[in-house]
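Down below is the structure, laid out as structure tokens.
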Amino acid sequence: MILAKFGGSSVANSHQFKKVKNIVNSDANKKYVVVSAPGKDEQHAFKITELLIKLYHARPNSINFKNLHAEIMQRFYNIIDELNLDKSLKLLVTNTFSNVKKLSYAKLVSRGEYLNAQIMANYLGWHFVDTNDFLIIENGQINYVASQLRLANIMHNDDKIVFPGFYGVNFNGEIQLLPRGGGDTSGAAISNLLGVDKYENWTDIDGIQVVDPHIIKNSVKIDSLSYDELQELSYMGLSVFQEDSINPLKNKNIPLVIRNTNHPHRLGTTISNQNSSSDITGVIGDQEYSLISIKKYGLAKETNNMIAILNVLNQFNLEIKCMVSEFDSINLFVKNIEKIGQLEAFLVKNNISAKVQSNIALVAVISQKVLANNKLQRRIIDILEKHHINSFMFNQSSNDIKFLFGIYAKDYQRAIKIIYQSLFEKNLVTQAL
Ligand SMILES: Nc1ncnc2c1ncn2[C@@H]1O[C@H](COP(=O)(O)OP(=O)(O)O)[C@@H](O)[C@H]1O
Ligand SMILES: N[C@@H](CC(=O)OP(=O)(O)O)C(=O)O
């Protein structure tokens with residue numbers, strides 16, 4: 001049994017719907033489909049989810065509101081008309097958006113996946129099952145035990161089912177959204193609940209590449225990698241697959257295959273408990289960090305100091321990506337802070353002497369094979385020095401999968417290109433081993 005999740009780019013218009021039908025009909029084992037809301041395509045610069053978020057914030061009856069409302073409905077009408085589907089679906093679209101201002105944020109924003117799953121189910125001739133009826137999300141976390149019980153009451157063995165991604169429901173019956181990109185998580189969670197043999201994640205790229213294609217268009221494609229490597233890649237910012245989606249698959253040893261809806265015969269990238277096919281699986285990062293450097297005599301020795309600092313950061317809801325401590329200092333890399341001034345004032349008021357620096361990038365080289373010896377790390381530091389890229393804070397993860405360093409954001413893309421070219425194009429990976 002296979003569950004296939006189709007991301008926004010794979011279900012953006014009627015043309016893409018036809019590709020999805022060919023893919024699922026070509027393999028009798030594909031029994032479950034999860035869809036996202038229509039994404040971007042050549043005609044549409046915005047995803048439906050983005051338009052729904054704008055609609056929620058638009059002033060009722062303003063021109064902007066009316067335009068957004070019409071644009072969203074028209075995209076669904078076009079898909080239904082172009083596929084010659086039952087006209088009742090158009091009525092469903094109209095009714096869904098008939099009283100937008102009465103809908104909660106989560107309910108409105110989830111309607112993109114809800115309608116797309118209804119339309120896809122009708123087009124494939126499969127059943128529609130609403131995740132609203134079984135996927136329990138409490139405080140942002142999926143409750144697997146409760147979800148399993150509810151799902152067991154809905155499922156009938158031979159059903160072929162289309163589920164909407166991205167949302168579930170809490171115990172009070174209110175719709176709950178997963179974080180943006182959460183369709184991957186829905187797919188992984190439902191794969192776990194149904195105990196499928198394989199989870200296919202269909203998107204618009206042939207698989208995972210060593211470098212984000214926005215930085216290097218055609219870097220080496222990885223044929224296979226381990227769950228742990230993917231976890232590190234996603235944690236460091238890989239957008240192709242959501243970070244929270246890996247554990248539900250790893251726990252049940254369900255292989256994940258990332259495949260291209262536009263080129264369905266290409267093999268994609270397989271993620272399982274097997275070691276990677278490549279020495280290096282990623283040169284990856286993000287340039288939206290701030291560095292908080294805190295100094296105090298004997299700081300790292302006193303647990304109370306640490307607790308006080310973490311409490312302060314907690315009040316500002318900061319996500320710490322990396323923390324390096326020495327005898328009298330702690331360096332924390334956090335996602336860009338909107339209220340830097342307020343944070344600095346707060347730290348001073350609490351007698352914590354700290355410097356906050358913005359426009360920092362974190363870059364990681366991910367490899368399960370070569371980081372255990374130190375040669376690759378030295379090679380990377382040499383490359384950065386040779387190209388006059390100021391780097392600071394080098395950190396190796398305890399599982400020897402990730403080598404991480406900080407640089408200034410202005411050097412981010414150049415650093416990634418140089419490291420990739422030096423290691424791959426000049427074939428230095430093998431020399432570094
Ligand atoms: N290292 C990488 N390898 C492959 N794709 C990547 C990588 N980094 C970023 N991406 C981007 O991820 C995109 C696919 O993810 P996403 O936009 O969420 O797809 P979907 O619409 O199918 O959910 C690709 O189009 C690609 O631009
Ligand atoms: N539509 C939601 C959920 C999602 O996973 O979408 P996509 O598959 O297009 O990344 C979003 O835009 O966040």
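Here, residue 1 is the first one in the sequence, and each next residue gets the next number. Counting convention: from 1, in listed order, for ligands and their atoms alike.
- With a 4.0 Å heavy-atom cut-off, ligand 1 is reached by no atom of K47.
- Side-chain N or O atoms of E50 include one that pairs as donor or acceptor with a backbone N or O of K47 at under 3.5 Å.
- Surrounding NE2 of H265 are at most 12 heavy atoms belonging to other residues, nucleotides or ligands under 6.0 Å away.
- Near S9, the atoms of ligand 1 lying under 4.0 angstrom from a non-hydrogen atom of the residue are 20 (P), 21 (O), 22 (O).
- Taking the six-membered ring where the residue is Trp, F392 and F333 present parallel rings, their angle staying beneath 30° rather than reaching 60°.
- Taking a cut-off of under 4.0 Å to the non-hydrogen atoms of Q209, the atoms of ligand 1 that pass are 1 (N), 2 (C), 3 (N), 4 (C).
- Cation-pi check for K5 over Y199 is not met; the charged atom does not lie both under 6.0 angstrom from the ring centroid and within 45 degrees of its normal.
- Residue, atom and distance of the protein heavy atom nearest to atom 5 (N) of ligand 1 are I205 CD1, 3.7 Å.
- Looking at L233 against ligand 1, nothing comes within 4.0 Å, counting heavy atoms.
- For ligand 2, the 4.0 Å heavy-atom shell takes in K5, G7, G8, S36, K47, T49, E113, F166, R180, G181, G182, G183, ordered by chain and residue number.
- Between F405 and F394, the two ring planes are tilted [angle within 30° to 60°].
- When only non-hydrogen protein atoms are considered, atom 6 (C) of ligand 1 lies nearest to P213 CD, 3.4 Å.
- Under the 4.0 Å criterion applied to side-chain N and carboxylate O atoms, K107 and E174 are not assigned as salt-bridge partners.
- Short contacts between ligand 1 and G7, defined as distances under 4.0 Å to a heavy atom of the residue, involve ligand atoms 20 (P), 21 (O), 22 (O), 23 (O).
- Of all the atoms in ligand 1, the ones that sit under 4.0 Å from a non-hydrogen atom of T203 are 14 (C), 15 (O), 19 (O), 20 (P), 22 (O).
- Checking only distances, S10 never comes within under 3.5 Å of ligand 1, N or O to N or O.
- Here K90 pairs with D81 in a salt bridge; the nearest charged N to carboxylate O distance falls below 4.0 Å.
- Residue D212 touches ligand 1 through backbone and side chain together, judged by heavy-atom distances below 4.0 Å.
- Taking the side-chain contact (heavy atoms from CB on, under 4.5 Å) definition, one finds that N29 meets it with I2, D27, sequence neighbours left out.
- Nearest to atom 9 (C) of ligand 1 among the protein's heavy atoms is S239 OG, 3.3 Å.
- From the protein, the heavy atom lying nearest to atom 15 (O) of ligand 1 is V240 CA, 3.7 Å.
- Within a 4.0 Å radius of atom 17 (O) of ligand 1, the protein contributes no heavy atom.
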